[in-house]
Amino acid sequence: MSILVTGGAGYIGSHTVVELLNIDENVIIVDNLINSQIETIDKIKEITGKDIKFYQVDILDRENLERVFEENTDIESVIHFAGLKAVGESVEKPLEYYKNNLIGTLTLLETMRKYNCKKIIFSSSATVYGEQATSQYVETMKRGETTNPYGTTKAMIEKMLEDIYYADNSWNISILRYFNPIGAHESGLIGEDPKGIPNNLMPFIMKVANKEIDHLNIFGKDYATKDGTAARDYIHVVDLAKGHLKALEKLNNEKSGLFIYNLGTGNPYTVQEIVDTFKKVNNIDVPYEYTERRAGDLTIMYADPTKAREELGWAAEKNIEDMCKDSWNFVKITKQK
């Protein structure tokens, strides 16, 4: 049987594909390459020593998405990463986010139903808790009022999945709420390398350290945190990828169900701490300036990962030093040849 991974050439998707191949799963990738590179497919093959089937298809393209299912009748489950994901950009381009994330997911789900594939892991986000929630997020909290279109699309898709399951409980659904993935594969062959100006912290730090950008903007110095910069629960992308394997194992052991899990460490770090740690462990300068707060950003957010530990047997293993070292190793290997 095969696993369809949408957005599988992207940052989190590619690391998850590597972990799936490492346990001998048969993987099919669908990716439109809007924010990823075709070279990633070859790098996945190099890391794992295994072949992989790839389709350059946008999930909004119903005809070609259906062709993927028609040509691969053994698709049993889907891990759904495909979608736009930058908070700041979503505030500037809300229509693009609603179209890509909502209509794309709806098209995927309708196609899955048509081909009787009802097992899905959805890439969600801690932003669904909203700013009214207490700073440590637990799955029993209600979804809050989201502060940006990106978060709103995630909350709406979660609600869509819940409604689908309640209408037809033959579906088997796992919703994984990510916190802040950073880091890269230990090989240095794959990592986060967004096209254009980065919207997320670590790729921006990496480009500054590599002198592709002259300095980092730290958005806000007046938050109610230890050093005034916003705090987040940063998690190594490989730990996050392994969480998907545990979620898939859970679904494979259940006939049906709707499950929601936080994937985070439970330990928040400020932006300033990330920058300082990156500079220290890699012995490299990262010039930065403080600027105004960014629209849609929250002061602090971090996971209560208890449920994932107890029900999935999963916990993050890598620390902040690992995340910073592996991020820079990716730059050294891929950018400085």
Ion pair check, R67 and E71, cut-off under 4.0 Å: yes

Donor on one side chain, acceptor on other, Y150 and E89, under 3.5 Å: no

Pair N72-S2, side-chain donor/acceptor within less than 3.5 Å: no

Within residues 193-231 or reaching into it, pairs that qualify as ring pair (Phe, Tyr, Trp, His ring centres under 6.0 Å) - sequence neighbours excluded: none

same_hphob_cluster(I29, V78) at 4.5 Å side-chain heavy-atom cutoff: no

Short N-O contact, K250 and E254, less than 4.0 angstrom: yes

N252 and K119: side chain donor to acceptor below 3.5 Å: yes

Given E158, H80, K154, the one that forms side-chain hydrogen bond (donor to acceptor under 3.5 Å, both in side chains) with S124: E158

Side chain proximity check, K50 to D24, heavy atoms < 4.5 angstrom: yes

Between Y234 and T265, a side-chain donor and acceptor under 3.5 Å: no

Aromatic plane relationship, H244 with F81 - under 30° parallel, 30 to 60° tilted, over 60° perpendicular: tilted

Polar contact flag, side-chain donor to acceptor under 3.5 angstrom, R177-Y137: no

Salt bridge flag under 4.0 Å for residues R143 and E162: yes

Salt bridge (Lys or Arg N to Asp or Glu O under 4.0 Å) evaluation trace for E273 with K226: CA-CA 10 Å; E273 287 177 307; K226 65 181 75 175; 3.2 Å; yes

Electrostatic pair K118-D168, nearest N-O below 4.0 angstrom: yes

